[in-house]
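Take a look at the structure set out below.
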Amino acid sequence: MVLAARNPMKSEGILPSEVPVVDFSGERAEVAKVIVKACEEYGFFKVINHGISKEVIAKTEEAGFGFFGKPMLEKKVAAPAYGCKNIGVNGDMGEVEYLLLSATTDSIAHISKTISTDPLNLRKSLSAYTEAVKELACEILEVMAEGLGVPDTWVFSRLIRDGESDSVLRLNHYPPIINRDKDKSSQITKVGFGEHSDPQILTILRSNDVGGLQISLPDGVWIPVTPDPSAFYVNVGDVLQVMTNGRFVSVRHRAMTNSYKCRMSVAYFGAPPLHETIVAPSVMVTPQRPSLFRPFTWAEYKKATYSLRLGDTRLQLFRNCKR
């Protein structure tokens, strides 16, 4: 499925609505309850009072815009970490350019030397941001486990804290689509990044104050997400859907462009080590709710992800045939 080949605004329903909001400074049991409900109904929520400093966020945004503002030839030096329009290796396209790197100190240090005249400052900025959102992701996963009644509350976060975690950091830049028609008042909207779900455990996302992100409800209606630069947005990924035995929903989402301003988002994708076997904790499997998925490693699932198109559904390949 490649949404760039069709006009989503005409063929699909768009429903203005507010997504669930989690105040992370609230009473822990109540926060857990709100998160679980949001993950069951939306697979998505907004986090406020998250504790990540404005300085860490601002330096990362500055670094991102600084890189994407460079001439194309200078940006291409960062390939394969840098890409433009091509999404993956299977022909998916979008109105986006991106910088993708492993969320490790070594990877960040290497790319900083490649793309910056001040690599030490860039490395410090990206490393501080990555560490902060990683910690936020782990705290959220631990609160989730508590809300689900899982005795081992580190069962999800342990996979991200692991030194061999396959987590990545991605900066996406969506330039404005210039309207060259005679009717200058009309806005041109195109798909920047097509419909998909994130294959990892959890995504921690932030963007500048420009709209474009949309999430899909089960009935096919799309909800535009109002931008809030002071907040973070959280996506349930495919692996977390498996580890909650289908109780949580891996949300399908996309990013749209506009005619006026560029949008930049920074996404941390928390992932397990490649060798890790993905299974639901025993407490999530009952006679009334048998295991929905067969065990598989993250390496297997990652390989399947890259073998398919962006919008293809991958989880059905790992459904438990005994059901």
Side-chain angles (χ1 to χ4, degrees), residues 1-22 34-47 87-88 90 92-96 98 140 144 170 172 174 187 189-207 210-228 231-258 263 265 267-270 292-293 301 304-305 308-319:
M1 184 190 303
V2 185
L3 291 181
R6 48 194 261 227
N7 187 336
M9 305 306 289
K10 291 184 178 179
S11 60
E12 296 162 344
I14 306 293
L15 178 65
S17 180
E18 291 301 318
V19 300
V21 178
V22 174
V34 174
I35 287 179
V36 168
K37 188 173 188 292
C39 291
E40 290 176 332
E41 296 181 356
Y42 288 82
F44 184 87
F45 56 91
K46 171 180 173 178
V47 178
I87 301 173
N90 296 311
D92 292 295
M93 304 289 288
E95 298 296 332
V96 63
Y98 62 86
I140 289 172
M144 281 180 181
R170 182 179 182 120
N172 286 329
Y174 304 92
Q187 179 179 349
T189 303
K190 291 187 177 182
V191 174
F193 206 110
E195 176 185 349
H196 65 286
S197 64
D198 294 336
Q200 294 89 353
I201 301 171
L202 198 74
T203 304
I204 305 293
L205 176 72
R206 182 200 170 272
S207 73
V210 178
L213 178 64
Q214 298 178 353
I215 64 171
S216 177
L217 297 180
D219 59 6
V221 172
W222 288 92
I223 297 179
V225 177
T226 303
D228 182 349
F232 285 89
Y233 293 88
V234 179
N235 295 1
V236 170
D238 294 345
V239 167
L240 190 55
Q241 180 169 332
V242 173
M243 294 190 74
T244 58
N245 199 27
R247 186 165 167 182
F248 286 179
V249 181
S250 179
V251 64
R252 297 185 72 80
H253 54 287
R254 66 187 182 194
M256 311 300 292
T257 66
N258 63 66
R263 176 175 180 266
S265 64
Y268 170 83
F269 300 95
L292 297 176
F293 304 95
Y301 196 73
T305 296
L308 300 171
R309 301 296 295 269
L310 179 65
D312 289 341
T313 301
R314 303 168 291 259
L315 279 176
Q316 64 186 12
L317 301 177
F318 296 87
R319 287 272 175 180

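Hydrogens, waters and symmetry mates play no part in the numbers below; they use all other heavy atoms, side chains included.
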Measuring from atom [atom1] of [X] to atom [atom2] of [Y], what distance do you get when rounded to the nearest 0.5 angstrom?
{"X": "Asp312", "Y": "Glu195", "atom1": "CG", "atom2": "CD", "value": "10.5 Å"}
{"X": "Asn245", "Y": "Leu292", "atom1": "CG", "atom2": "CG", "value": "4.0 Å"}
{"X": "Phe269", "Y": "Ile201", "atom1": "CZ", "atom2": "CD1", "value": "13.0 Å"}
{"X": "Asp228", "Y": "Arg206", "atom1": "CG", "atom2": "CZ", "value": "9.0 Å"}

Taking the side chain as every heavy atom from C-beta outward, state whether [X] and [Y] have any atom pair closer than 4.5 Å.
{"X": "Met144", "Y": "Leu240", "value": "yes"}
{"X": "Tyr233", "Y": "Thr203", "value": "no"}
{"X": "Ile140", "Y": "Phe45", "value": "yes"}
{"X": "Phe318", "Y": "Val242", "value": "no"}
{"X": "Pro199", "Y": "Asp238", "value": "yes"}
{"X": "Leu202", "Y": "Tyr268", "value": "no"}
{"X": "Pro224", "Y": "Met256", "value": "no"}
{"X": "Leu205", "Y": "Ser265", "value": "yes"}

What pair of heavy atoms forms the shortest contact from [X] to [Y], and how long is it?
{"X": "Ile87", "Y": "Gly192", "value": "CD1-O, 4.1 Å"}
{"X": "Thr244", "Y": "Gln241", "value": "OG1-O, 3.2 Å"}
{"X": "Arg263", "Y": "Ser207", "value": "NH2-CB, 3.8 Å"}
{"X": "Tyr174", "Y": "Glu95", "value": "CD2-O, 3.4 Å"}
{"X": "Tyr42", "Y": "Ile223", "value": "CE2-CD1, 4.1 Å"}
{"X": "Val36", "Y": "Phe248", "value": "O-CE2, 3.8 Å"}

Please evaluate residues Gln200 and Val239 with respect to the criterion side chain to side chain contact (heavy atoms under 4.5 Å, CB included), reporting the C-alpha separation (whole Å), side-chain torsions for both, the decisive distance (0.1 Å), and the verdict. CA-CA 5 Å; Gln200 294 89 353; Val239 167; 5.7 Å; no
Using side chain to side chain contact (heavy atoms under 4.5 Å, CB included), reason through Thr226 and Glu18 one step at a time and then give a plain yes or no. CA-CA 8 Å; Thr226 303; Glu18 291 301 318; 4.1 Å; yes
Before you tell me yes or no, could you show the steps for Phe193 and Arg254 under side chain to side chain contact (heavy atoms under 4.5 Å, CB included), namely the whole-Å CA-CA distance, both residues' side-chain angles and the distance that decides it to 0.1 Å? CA-CA 6 Å; Phe193 206 110; Arg254 66 187 182 194; over 6 Å; no
Run the numbers on Gln214 and Val225 for side chain to side chain contact (heavy atoms under 4.5 Å, CB included), then give the verdict. CA-CA 6 Å; Gln214 298 178 353; Val225 177; 5.9 Å; no
Are any side-chain N or O atoms of Asp92 and backbone N or O atoms of Leu310, one a donor and one an acceptor, separated by less than 3.5 Å?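 Yes; at least one donor-acceptor contact below 3.5 Å.
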Sidechain-backbone polar pair: Arg314 side chain, Ser197 backbone, donor-acceptor under 3.5 Å: yes
